[in-house]
Visitor: 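One structure is given below, represented as structure tokens, and several questions about it will come after.
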Protein chains: 2
Amino acid sequence: MGREAVLDVLSRTEDHLSAEDIYMCVHETYPAIGLTSVYRTLDMLVNIGLVYKFDFGDGRARFELAEGPKGKDHHHHLVCTDCGRIVNYRDFIDEEVALLKKTEEGLSKKYNFAITNHLIQFYGLCEACRKK
Amino acid sequence: MGREAVLDVLSRTEDHLSAEDIYMCVHETYPAIGLTSVYRTLDMLVNIGLVYKFDFGDGRARFELAEGPKGKDHHHHLVCTDCGRIVNYRDFIDEEVALLKKTEEGLSKKYNFAITNHLIQFYGLCEACRKK
DNA sequence: TTTGTTATTGGAAACCATTATCATTTACAA
DNA sequence: TTGTAAATGATAATGGTTTCCAATAACAAA
Ligand SMILES: [Mn+2]
Ligand SMILES: [Mn+2]
Ligand SMILES: [Zn+2]
Ligand SMILES: [Zn+2]
């Protein structure tokens, strides 16, 4: 079962890997594994909540380990709209976390949503892309 | 030119339409228009900044009018992870807007990003989906 | 062990939203 | 009218993801 292998690959990087990226990594250790199994495993891991699935607009899904005991810390993203570079940003301003929590509570009541997660991304131009 | 027609369709709804949704709407008024032109027009409008392109995870891109003179107000999204329902949420807490601005400024400096936009979505279960 | 039943697996084919191609039409000026 | 460039839409191609399905592994009973 490639579940361990996939989680292992994801735990070793800060990048946002595509299914095929992961496939190639796992393939080095388990040459027998197929791309289909990677997709299947990722799908399961996302459903369980161990892995997050993102779309950064480049036509393929990207994955990262969810926060948790073995996971990375919770973070948000800075996305360059020109080159696609993605920065993991986890140094939140103090008030930021508090307000986020407060907002979630307000929304939960008002719209009768049981909020479990959020996605926050800032878009702009990275330094390199600004200079060309 | 279908530019007007596409903008017109988008300005008449609060929904998040797919390219084909828009194609079908425009088609009623301009039966001659082709799906290709709708894609082309949307692409241009997104580049210009008049239209936003979203991915809510259902495999097709979804579009909405950007805020502005003729546009809707700026808002964030509540997404039901079960049925896919999407709520436009624009009644921000007072502090929310201020903090967002402050955060953008901090990030711009720290990571040398020229931030132009942000995407904020809360995920959870809507009332209907919670009760089943 | 054998046998039967069920779950897992991966290769190949199918799917389907989006893009690229290209011949045709339209716009517009010379 | 005529020449040139832009705009258009039908069709084909692309490519990430899913579906199918036959083969294999796991496991339980006999
Ligand atoms: Mn990340
Ligand atoms: Mn919206
Ligand atoms: Zn960049
Ligand atoms: Zn729902």
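All heavy atoms count here, side chains included; hydrogens, waters and symmetry mates do not. Note that the structure is a prediction, hence the values are computed from the model and not measured. Proteins come first, then strands; the chains are lettered A, B, ... in the order of their sequence lines, and each starts at number 1.
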Visitor: Please report the C-alpha distance between B/Glu105 and B/Lys109 in whole Å, then the side-chain angles of each, then the deciding distance to 0.1 Å, and finally whether the salt bridge (Lys or Arg N to Asp or Glu O under 4.0 Å) criterion is met.
Guide: CA-CA 6 Å; B/Glu105 284 169 3; B/Lys109 273 184 191 160; over 6 Å; no
Visitor: Would you mind reading off the distance between A/Arg40 atom CZ and D/dG16 atom P, rounded to a whole angstrom?
Guide: 19 Å
Visitor: What integer distance in Å separates A/Met44:CE from D/dT18:C1'?
Guide: 16 Å
Visitor: Could you check which residues of residues 51-63 of chain A get a heavy atom under 4.0 Å from DNA chain D? Sort them by number, please.
Guide: A/Gly59, A/Arg60, A/Ala61
Visitor: Could you tell me if the side chain of B/Val46 sits less than 4.5 Å from the side chain of B/Lys53, heavy atoms only?
Guide: yes
Visitor: Which nucleotide in the set C/dA20, D/dT8, C/dT18 lies at the smallest distance from any side-chain heavy atom of B/Ser37?
Guide: D/dT8
Visitor: Given atom CG of B/Asp43 and atom C1' of C/dT18, what is their separation to the nearest angstrom?
Guide: 10 Å
Visitor: Could you state the atom-to-atom distance from CZ of B/Arg3 to P of D/dA7 in whole Å?
Guide: 8 Å
Visitor: How far does CD of B/Glu14 sit from CG of B/Asn88, to the nearest 0.5 angstrom?
Guide: 5.0 Å
Visitor: Taking OH from B/Tyr23 and C1' from C/dA17, how many angstroms apart are they, rounded to a whole number?
Guide: 15 Å
Visitor: So which one's nearest nucleotide on DNA chain C is more toward 5', B/Leu35 or A/Thr41?
Guide: A/Thr41
Visitor: Whole Å only: how far is the NE2 atom of B/His27 from the P atom of D/dG9?
Guide: 10 Å
Visitor: In whole Å, I'd like the distance from the CD1 atom of A/Ile33 to the C1' atom of C/dT9.
Guide: 9 Å
Visitor: Nearest to the side chain of A/Tyr39, heavy atoms from C-beta on, is which of D/dG16, C/dT9, C/dA12?
Guide: D/dG16
Visitor: Angle between ring planes, A/His74 versus A/His76, binned at 30° and 60°: parallel, tilted or perpendicular?
Guide: perpendicular
Visitor: Taking it one step at a time, do B/Ile86 and B/Leu78 satisfy side-chain contact (heavy atoms from CB on, under 4.5 Å)?
Guide: CA-CA 6 Å; B/Ile86 294 164; B/Leu78 247 57; over 6 Å; no
Visitor: Side chains of A/His118 and A/Glu104: is there a donor and an acceptor less than 3.5 Å apart?
Guide: yes
